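A short write-up of the structure that comes next.
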Amino acid sequence: MKLITFYLPQFHEIPENNRAWGEGFTEWVNVKKASPLFLGHRQPRRPLNENYYCLLDDGVMEWQADLAKKAGIYGFCMYHYWFGGRMVLEKPAEKLLEHREIDFHYCFSWANEPWTKTWHGAGGEKEILIPQNYGGEEEWKSHYEYFRKFFMDDRYIKEKGCPVLLIYRLRNIPHFNDMIRCWKHYAKEDGFPGLFIVSMDTWRDHADKSCWVDASVDFEPNKTRSEATHMPTLLKCRHKGNLFWNRFAVSTVNYKKVNEKMLAIPHRRNQFRTVFVDFDDSPRRGARAVIMQGSHPRLFGKYLKKAIRASQKEGNEYLFLNAWNEWGEGNYLEPDTRYGYGYLKQIQMLSENGFVV
């Protein structure tokens, strides 16, 4: 089983975020300012050794790749942001491409939604900072030509020689079949058998039935959590033997319940499962957050092992992890001050026992 983990590149400054939020904005800004919404709410989350890194600093991506590889992770799936030829957060991937000595696999997931202020945790109405524009064949060719240098990299993940490319909202693209057909044609001109296109399956979007789409991947917990979410209610919590009603009403999800539902859904070949670490997007959304309850490294390891076994029976060699570094959603494998390397150690134990390569 090859484990691929989603990777957020928003840990360096970009002009678009500085204009919207002020100088110095990165994902760490939301993470640091988070505060508990109720008794027992674990916020803010803190990286181990105060490692509030910048992805453009020398040695950071080498550290991440080395840590992931030692744990048994096969590669990163890096979010890619393209808006009609305009890009944001592209520098970490370009830095990885430049530093060939970083011996680690990777691929892209095109996060093809408009760049909005609410994506970064703003309150109020959604403000579109950069609209999404798909264009026609000329635009598609320009986009493919950007991908080409990555596809040519030996470290880029390929399935039967075809570069693997995930697309978040495939059905948002007006003529996605035509676009993918063009991209596969360009790939063949470059000497590849084609492209391996993966549609990200959320609770409201999947397109794996298209003849031009090769696979799908569950985007969890987004896909399943709506079935297990308790609508905002006041939470009860015991502290030192006393029962308290918490001040804030928040939406909560039970980690075990979501994972059991995920495992119960049958999958076919090339329908890839995802196992997630945790979820708490209160650093971005405040009291409007959805907060997971009950996540723990041992439970993560338990459900990861079950998902691997299920995937093997279904004939799939890839399993995705959400996520490597989604600190703003409380969803990360990187070490923190509470569990240290606990989640990574669960993967490492499965690797040592031959479950993953």
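On a predicted model such as this, the values are computed, not experimentally measured, just so you know.
Scanning all heavy atoms of the two residues, the minimum distance from Ser282 to His41 falls at OG-CE1, 3.4 Å. Smallest separation of non-hydrogen atoms from Pro163 and Gly194: CD-O, 3.3 Å. Between Glu27 and Leu8 the shortest heavy-atom distance is CD-CD2, 4.0 Å. The two residues Leu37 and Ala287 come nearest to each other via the heavy atoms CD1-CA, 3.8 Å. Summarising the geometry of Pro114 relative to Ile128, their closest heavy-atom pair is CB-CG2, 4.1 Å, with the distance given to 0.1 Å. Nearest heavy atoms, Trp183 versus Trp110: CH2-CZ3, 3.9 Å.
Between the CD atom of Glu326 and the CG atom of Asp278 there is a distance of 12.5 Å, given to the nearest 0.5 Å. Note: Gln271 CD to Ile265 CD1 = 10.5 Å, rounded to the nearest 0.5 Å. Considering CD of Gln10 and OH of Tyr81, their distance stands at 6.5 Å, rounded to 0.5 Å. How far SG of Cys211 is from CG of Asn177: 6.0 Å, rounded to the nearest 0.5 Å. Note: Ile173 CD1 to Asn112 CG = 4.5 Å, rounded to the nearest 0.5 Å. The distance from the NE2 atom of His99 to the CG atom of Asp58 is 6.0 Å, given to the nearest 0.5 Å.
In this structure, Lys149 places its NZ atom where more than 12 heavy-atom neighbours from other residues, nucleotides or ligands lie under 6.0 Å away. In this structure, Glu189 places its CD atom where more than 12 heavy-atom neighbours from other residues, nucleotides or ligands lie under 6.0 Å away. Other residues, nucleotides and ligands contribute at most 12 non-hydrogen atoms within 6.0 Å of the NE2 atom of His175. More than 12 heavy atoms of other shown residues, nucleotides or ligands fall within 6.0 angstrom of atom CG in Asn353. For NZ of Lys256, the number of neighbouring non-hydrogen atoms (other residues, nucleotides, ligands) closer than 6.0 Å is 12 at most. Annotation for Lys158: atom NZ counts as buried by contact number, over 12 foreign heavy atoms lying within 6.0 Å.
Side-chain contact between Tyr255 and Phe279 is absent, with no heavy-atom pair separated by less than 4.5 Å. Leu299 is not listed as a side-chain neighbour of Asn259, based on a closest heavy-atom distance of 4.5 Å or more. Contact check for Pro221 versus Asn322: side-chain heavy atoms found under the 4.5 Å cut-off. Within the 4.5 Å cutoff, no side-chain heavy atoms of Gln132 are placed close to those of Arg169. For the pair Phe276 and Asn222, the minimum side-chain heavy-atom distance is 4.5 Å or more. Inter-residue side-chain proximity for Leu350 and Leu3 is flagged as unmet; no heavy-atom pair is nearer than 4.5 Å. A heavy-atom distance below 4.5 Å is found between the side chains of Leu166 and Cys77. Side-chain contact between Tyr144 and His185 is absent, with no heavy-atom pair separated by less than 4.5 Å.
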(request) Go through the steps for Ile167 and Phe176 under the test side-chain contact (heavy atoms from CB on, under 4.5 Å), then give the verdict. (result) CA-CA 10 Å; Ile167 302 179; Phe176 71 85; over 6 Å; no
(request) Start with the C-alpha gap between Trp21 and Val29, add the side-chain angles, then the distance that decides, and say whether side-chain contact (heavy atoms from CB on, under 4.5 Å) holds. (result) CA-CA 10 Å; Trp21 299 100; Val29 171; over 6 Å; no
(request) Check the pair Lys261, Glu220 against salt bridge (Lys or Arg N to Asp or Glu O under 4.0 Å), reporting the backbone distance first and the verdict last. (result) CA-CA 11 Å; Lys261 284 183 174 290; Glu220 299 289 6; over 6 Å; no
(message) Run Val31 and Phe11 through side-chain contact (heavy atoms from CB on, under 4.5 Å) and show every step you take.
(response) CA-CA 11 Å; Val31 174; Phe11 293 89; 5.6 Å; no
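When only modelled atom types and interatomic distance are considered, Asn172 and Tyr134 share no side-chain donor-acceptor pair under 3.5 Å. Glu13 and Asn18 form a side-chain donor-acceptor contact under 3.5 Å, judged by distance and modelled atom types alone.
Under the 4.5 Å side-chain heavy-atom criterion for grouping Ile, Leu, Val, Met, Phe, Trp and Tyr, Phe150 is not connected to Leu56 through any hydrophobic cluster. Under the 4.5 Å side-chain heavy-atom criterion for ILVMFWY residues, no single connected hydrophobic cluster contains both Met349 and Phe355.
Sorted by first then second residue, the salt bridge (Lys or Arg N to Asp or Glu O under 4.0 Å) pairs that include residues 332-355, not counting sequence neighbours, are Arg42-Asp336. Here side-chain hydrogen bond (donor to acceptor under 3.5 Å, both in side chains) pairs that include residues 297-312, with residues two or more places apart or in two chains, are Glu260-Tyr303.
The ring of Trp327 has its center closer than 6.0 angstrom to the ring center of Trp28. Checked against the 6.0 Å centroid criterion, the rings of Tyr106 and Tyr156 qualify as a close aromatic pair. Taking the ring centroids of His80 and Tyr146, they lie under the 6.0 Å cut-off. The six-membered or imidazole ring of Tyr168 lies near that of Phe219, with a centre-to-centre distance under 6.0 Å. A distance below 6.0 Å separates the ring centres of Tyr318 and Phe272.
Phe6 pairs with exactly one of Phe320, Trp324, Tyr332 by the ring pair (Phe, Tyr, Trp, His ring centres under 6.0 Å) rule, that one being Phe320. The one candidate from Arg285, Glu329, Gln293, Arg45 that meets the side chain to side chain contact (heavy atoms under 4.5 Å, CB included) condition with Asp280 is Arg45. Here the rule is side chain to side chain contact (heavy atoms under 4.5 Å, CB included) with Leu319, and of Val356, Val275, Thr274 only Val275 fits it. Only one option out of Leu55, Ile102, Asp153 pairs with Leu96 in a side chain to side chain contact (heavy atoms under 4.5 Å, CB included); it is Ile102.
Pro297 is linked by a side-chain contact (heavy atoms from CB on, under 4.5 Å) to Tyr339, Tyr343, Gln346, counting only residues two or more places apart in sequence or in another chain. Take Lys184 and apply the side-chain contact (heavy atoms from CB on, under 4.5 Å) test, not counting sequence neighbours, and it matches Ile180, Leu195, Ile197, Trp212, Asp214. Looking at residues two or more places apart in sequence or on another chain, you find a side-chain contact (heavy atoms from CB on, under 4.5 Å) between Leu48 and Pro335, Tyr341. In terms of the side-chain contact (heavy atoms from CB on, under 4.5 Å) criterion, residue partners of Glu50 (sequence neighbours excluded) are, by chain and number, Arg46, Tyr52.
Taking a cutoff of 4.0 Å between a charged side-chain nitrogen and a carboxylate oxygen, Lys70 and Asp66 qualify as a salt bridge. Using a 4.0 Å cut-off between charged side-chain N and carboxylate O, Glu62 and Lys95 make no salt bridge.
Asn30 places no side-chain N or O within donor-acceptor distance of the main-chain N or O of Arg284, the cut-off being under 3.5 Å. Counting only distance, with no hydrogens or angles, the side chain of Ser295 and the backbone of Val277 share a donor-acceptor pair below 3.5 Å. No side-chain donor-acceptor contact under 3.5 Å links Asp57 to the backbone of Val60.
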